[in-house]
2 protein chains.
Amino acid sequence: MATNLKDLSAKLGLSQTTVSRALNGYPEVSESTRLRVMQVAKEMNYAPNARAKRLATGRTMTIGHVLPVSKKHEMVNPIFADFIAGAGEVYSANGYDLQLSVVEDVDEEGFYRRLAARGTVDGMVVHGPKVNDMRVPLLTELGMPFIVHGRSSDVDLPYNFVDVNNRRSFERATSFLLDLGHRRIALLNGFSDMDFAARRAAGYSSALATRGVSPDPDLMLHDEMTEAFGYDAMRSFFEMDNSPTAVVCSSIIPAIGVRRALWDAGLVMGKDVSVIVHDDDLSYFRNGGDVPEFTAVRSSVREAGRRVGEVLMDMIETPDAPVRQVMLEAALLVGQSTGPAPAFLDAQNNGTVT
Amino acid sequence: MATNLKDLSAKLGLSQTTVSRALNGYPEVSESTRLRVMQVAKEMNYAPNARAKRLATGRTMTIGHVLPVSKKHEMVNPIFADFIAGAGEVYSANGYDLQLSVVEDVDEEGFYRRLAARGTVDGMVVHGPKVNDMRVPLLTELGMPFIVHGRSSDVDLPYNFVDVNNRRSFERATSFLLDLGHRRIALLNGFSDMDFAARRAAGYSSALATRGVSPDPDLMLHDEMTEAFGYDAMRSFFEMDNSPTAVVCSSIIPAIGVRRALWDAGLVMGKDVSVIVHDDDLSYFRNGGDVPEFTAVRSSVREAGRRVGEVLMDMIETPDAPVRQVMLEAALLVGQSTGPAPAFLDAQNNGTVT
DNA sequence: TTGAAAGCGTTACCAT
DNA sequence: ATGGTAACGCTTTCAA
């Protein structure tokens, strides 16, 4: 059906070898024949068969991404789409394809082993690393080039990653609130086995410790990044004797819930309670203009996707270069959601706070 | 490196042919050898090389999805991730891979032609169909099996699709509001060249027409599904002499903005202004429980993804069966965001409404 | 029930 | 600068 090398070379009166070389830009072919080959190839609408190419070269020009989904909560982390968009954009520009595997979180190990053995990808991206993630040693053992979006604490092997400085971001956000006079600061964080959540918690704790504020475990919550999480958390805080005057939120989505809970209670965000979010640049929530609604430690997950793609392609094409470890810094953008600790809420405090 | 058929058959003392047959479940191999083959294959951790398999069979066992992104607004439709999760889940279960191409919306035609010629996918899913979408005739011409998630009006070719009944959903939502006494009903819709938006507008208009309510073009807005869209729209409505008492929203995200605008104005959603959303089951926004916050015409985009995947795989494996056209119905779930048209807003009306 | 060998459409090695 | 041919690792046809 589709014209192949054989047809094309026959038409040209050249060998397949020469035609292949001409098409792939090898230097040892004369410029005149190259031009002629290109010409006829275009006329005949020739496109090389990728299946054959992949078998012959042993490379697939494909990057694998694994999207873990759980059967329980039918929820996909919304930052995933943005990340993929960033990475995929770079792949396309460099002739790579993207293979996406949706996998339920059972038999992870077997899945990765099979993926490696089948040879459908030249390298892969590890998403959502947990603390001490088994995938790092596993993929290393399998000899599969991989890069982690994020990091995995407690892993002693050297590995490639692109990460945003979560610890510093949350230290800065918390310090900012402390500077405003807040002492009761809540943290709405991701599940505690996630590496990013651990680092954010560390930054938060570190900022408190620096000021001599003792952390209150009841103010540090770990859950899925839903609106309901923020809403319910805030409602439960209101039951406390000394409700927090500020909240640091690992995503803008629970912050939407926090905002709603405040409104329900007749309170104003940024006046009665301050809120800072980690903003992954979910553009459907960012309100443009000079004064954004939320104060945010902001970093674009789409940009992270681009970086990850670039680094991984480079890894594949330069296998024995040293390990690549890229750190990104988030910017603190001050918006309307923060302000000084309100007096009436301070008055609730029962003296346990410095 | 990885063990291949040759190694495996050598170890077994059988021919590659027999081993291949045993592994692929051909009937003409004795049960005893099949068991032995399976056994040893597992021991040797054998996995067939997909690249070779694809060349030999001429099939890739891969489905292509194209994610169009625009350079201008760095925004990815959040329902995309859920859809992919649904489709990918079904692919995995059936031994198919998913290839995702991120493509900027230039030279669409060339992109699809190249994709077809390279032969990296056995079939593809068309996302975000527009009215009279060129991809339907294009892919038909190319002989590439494809299925549309949604439909494309004004196309005269028969084609395969899975769509939710958008027209009926919005007719029902609008009728529901009319029943409650609302007469000034706004529609916050997607871009008007999108097919789903056209169908939703048609359903909305039809419901109004049935009651003899004349539609007001100023109440029908088309834009991207962002929070800012809902917020700004609502603010602009407040400037009107007869502000709408109800809003139908094409996604829950602008509805979040509507809710915020109402609060800012000291109004209560579900009391002063009614809101109905089309809920694609973005789980980070659904608040569980028996009484959801939003009244919604609800359909799960993840389920739609599953259906699309099933139908497309069936198409590929049964090429000359008749065209598959699947219609899904959305459920109307009544929540707290709707109520009777408030008197004080009725009083604003200047008589142009029936 | 089993096996030998051709074929899938490229690339890459070795000649010329 | 060009060409012949083996190789990539499977499936599939034909024979036995």
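Sequence lines set the chain letters: A, B, ... in the order given, protein chains first and strands last, and positions in each chain run from 1. Predicted, not measured: the structure shown is a model, and the values here were computed from it.
Each end of the helix from C/dT1-D/dA16 to C/dT16-D/dA1 gets its own rotation axis from five pairs of C1' atoms, and the angle between them is 40° to the nearest 10 degrees.
Taking side-chain N and O atoms only, B/Tyr46 has a distance below 4.0 Å to OP1 or OP2 of D/dC10. Contact between the side-chain N/O atoms of B/Asn49 and the OP1/OP2 oxygens of D/dC8 is not found at any separation under 4.0 Å. Contact annotation: A/Ser30 side-chain N/O to D/dA1 OP1/OP2 distance is not under 4.0 Å. The phosphate of D/dG9 has neither OP1 nor OP2 within less than 4.0 Å of any side-chain N or O from B/Lys53.
Taking a cutoff of 4.0 Å between a charged side-chain nitrogen and a carboxylate oxygen, A/Arg54 and A/Asp97 qualify as a salt bridge. Ion pairing between B/Lys130 and B/Asp193 holds under the 4.0 Å rule for side-chain N and carboxylate O.
Among the atoms of the strands shown, none is found under 4.0 Å from any heavy atom of B/Arg51. Using a 4.0 Å heavy-atom criterion, one finds that A/Thr17 contacts the bases of the nucleic acid, with or without backbone contacts as well.
The main-chain N or O of B/Tyr159 is found under 3.5 Å from a side-chain atom of B/Gln325 such that the two form a donor-acceptor pair. B/Asp122 contributes a side-chain N or O that, together with a main-chain N or O of B/Met61, makes up a donor-acceptor pair within less than 3.5 Å. Within the 3.5 Å criterion, the main-chain N or O of B/Arg113 finds no donor-acceptor partner in the side chain of B/Arg118. The backbone N or O of A/Val301 lies less than 3.5 Å from no partner atom in the side chain of A/Asp280, so there is not a single donor-acceptor pair. Under a 3.5 Å cut-off, the side chain of A/Ser20 and the backbone N or O of A/Thr18 do not form any donor-acceptor pair.
For the pair B/Gln16 CD and D/dA7 P, the computed distance is 14 Å after rounding to whole Å. Going from atom CG of B/Asn4 over to atom C1' of D/dC8 covers 10 Å, rounded to whole Å. Remark: C1' of D/dG4 and CZ of A/Arg21 are 11 Å apart, rounded to the nearest angstrom. For B/Leu23 and D/dT12, the CG to P distance is 14 Å, given to the nearest whole Å. When rounded to the nearest whole Å, the span between CD of B/Glu28 and P of D/dA15 equals 16 Å. Residue B/Lys6 contributes atom NZ, which lies 12 Å from atom C1' of D/dC10 at whole-angstrom precision.
With the nearest nucleotide of DNA chain C identified for both B/Thr18 and B/Leu55, B/Thr18 has the one nearer the 5' end. Nearest-nucleotide mapping onto DNA chain D: of A/Gly13 and A/Ala52, the residue sitting toward the 5' end is A/Gly13.
Within 3.5 Å, no donor on the side chain of A/Arg54 pairs with an acceptor on the base of D/dG9, nor the reverse.
Looking only at atom types and distance, the side chain of B/Ser152 has no donor-acceptor partner in the side chain of B/Asp195 under 3.5 Å away.
Aromatic ring orientation, A/His149 versus A/His127: perpendicular (interplanar angle above 60°, classes split at 30° and 60°).
Bracketed by its first and final contacts, the part of DNA chain C lying under 4.0 Å from non-hydrogen atoms of chain B reaches from C/dT1 to C/dG9 in 5' to 3' order.
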Test salt bridge (charged side-chain N to carboxylate O under 4.0 Å, His left out) on A/Glu89 and A/Arg302; report intermediate values, then the result. CA-CA 10 Å; A/Glu89 185 186 306; A/Arg302 183 148 169 191; 3.5 Å; yes
